[in-house]
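Here the structure is laid out as structure tokens; the discussion comes afterwards.
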Amino acid sequence: MPELPDVEMTRRDLKRWLVGAIVTAADTGDARLSRPASPRAFARALLGRVFERVERRGKWLRLDLDHGGKVFSHLGMTGRWVRVAIGAPVVRFERARIDVVLRGRPFSVRYADARRFGRLLAVRKDIADWNALGPDLLAEGIDMGRFSEALKNGRRTVKEIVMDQRVFAGVGNILATEGLWIARIDPRSPGNALLLPADARTIARGLRSAIARELANRKQYADGRADSFFAYGRAGQPCPRCGTRLSKVVLGGRTTAFCSGCQVRRQ
DNA sequence: CGGCATGTTGCGCA
DNA sequence: TTGCGCAACATGCC
């Protein structure tokens, strides 16, 4: 599921389903997902409340309730929200349920998460994970000065820097791989080798373009990932731009595909 | 059966 | 003290 474009699509769903809806029942039995809050706190915070807003920053979602409470949701690796009829049976890997009434119509919204790497907690104020997030490439203008600084100060590779949620909220392994391919920059380049303002701009443009492509793709194939990636998951196959066999390397513990033919490596 | 997976975190070690 | 690499988390799927 989860990188910025998927989470954004989820935000739009939740906004459509929940804003203005009143909660008639809420339940989760999963202490792991609701940590450090308790499953009981989740039910208690939601019952009888009305959703006012659904916000997103990077891969985090925040649902604001009418009494000032907030529900934070992170999809982890396999989390997803679905809407079903009221009283519908438990969906596969269901971890939480929110029954609501919107404009007189009752229905149910379920959170499913096979691996349970996600988070789902109801709290009174913003959590540290949310506050620590850097700018969101879709929502906010990015501060090029700050990005250049992050690159300059980083001994890490440019891919690791770009995936740092404090630098760009929402960029994960797919977006970083695709964005750098579009920007024609070798993901192994150390950040402090990319000193030109033009480099930062090119990378930001590549990431934005990758996000736009993914969003368009999600809209078209509402379900699953019809992979139309340039580089992600395609090591060994020809580069769609220059035909060179795409290489594979592990950076920051994540598999990374790139083209040694047309992605420039800086030292 | 082995290997890999869109994410994050915490631990051991240099 | 800081930083880095990597295992761990829990499960599906090829």
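A note on names: the letters A, B, ... follow the listed sequences, proteins ahead of strands, and every chain is numbered from 1. From a predicted model like this one, the values you see are computed outputs, not experimental measurements. Note: hydrogens, waters and symmetry copies are ignored here, and every other heavy atom, side chains too, is used.
With rounding to whole Å, A:Arg116 atom CZ is found 18 Å from B:dT8 atom P. A:Phe230 has its CZ atom 19 Å from the P atom of B:dT6, to the nearest Å. Remark: P of B:dT9 and CE of A:Met163 are 13 Å apart, rounded to the nearest angstrom. Rounded to an integer number of Å, the gap from A:Arg115 CZ to B:dG7 P is 10 Å. One interatomic measurement links the two molecules: CE of A:Met77 to P of B:dC4, which rounds to 13 Å at whole-angstrom precision. The nearest whole Å value for the distance from the CG atom in A:Leu175 to the C1' atom in B:dA5 is 16 Å. A straight line from CG of A:Asn173 to P of B:dA5 spans 8 Å, rounded to a whole angstrom. Straight-line distance from the CZ atom of A:Arg254 to the C1' atom of B:dT8: 9 Å, rounded to whole Å.
The side-chain tip of A:Arg234 does not point at the ring of A:Trp181 from less than 6.0 angstrom away and within 45° of straight on. For A:Arg83 and A:Phe107, the positive end sits near the middle of the six-membered ring, less than 6.0 Å away and at most 45° from its axis. Under a cutoff of 6.0 Å and an axis angle of 45°, A:Arg213 and A:Phe230 form a cation-pi pair.
Within the 4.0 angstrom heavy-atom criterion, only backbone atoms of the sugar-phosphate kind lie near A:Gly172; the bases stay farther away.
Here A:Thr78 does not reach the OP1 or OP2 of B:dT6: none of its side-chain N or O atoms lies under 4.0 Å away. Not one side-chain nitrogen or oxygen of A:His74 sits closer than 4.0 Å to the OP1 or OP2 atom of B:dG7. Taking only side-chain nitrogens and oxygens, A:Lys59 never comes nearer than 4.0 Å to OP1 or OP2 of B:dT6.
Residues A:Leu121 and A:Ser34 share a closest heavy-atom pair of CB-O, 3.6 Å.
Inter-residue side-chain proximity for A:Thr10 and A:Leu61 is flagged as met; some heavy-atom pair is nearer than 4.5 Å.
Nucleotides C:dC6 and B:dC4, compared at atom P, are 14 Å apart to the nearest Å. Rounded to the nearest Å, the gap between the P atom of C:dA10 and that of B:dC11 is 15 Å.
Toward the 5' end of DNA chain B, the nearer of the two residues A:Thr255 and A:Arg35, judged by each one's closest nucleotide, is A:Thr255. For the pair A:Phe93 and A:Arg32, both in contact range of DNA chain C, the more 5′-proximal nearest nucleotide belongs to A:Arg32.
A side-chain donor from one of A:Thr256 and A:Lys159 sits under 3.5 Å from a side-chain acceptor of the other. Looking at A:Thr24 and A:Asp99, their side chains never bring a donor and an acceptor atom within 3.5 Å of each other. Between the side chains of A:Ser108 and A:Arg110, at least one donor N or O lies within less than 3.5 Å of an accepting N or O.
For DNA chain B, each stem of at least three Watson-Crick or G-U pairs (distances under 3.5 Å) is given as range with range: B:2-5 with C:11-14, B:7-14 with C:2-9.
Using a 4.0 Å cutoff to heavy atoms of chain A, the contacted part of DNA chain C runs 5' to 3' from C:dC9 to C:dC13.
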Criterion side-chain contact (heavy atoms from CB on, under 4.5 Å) on A:Val23 and A:Phe51, from CA distance to verdict
CA-CA 8 Å; A:Val23 179; A:Phe51 287 100; 3.5 Å; yes

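Within the 6.0 Å centre-distance limit, the rings of A:Trp130 and A:Phe72 are counted as a close aromatic pair.
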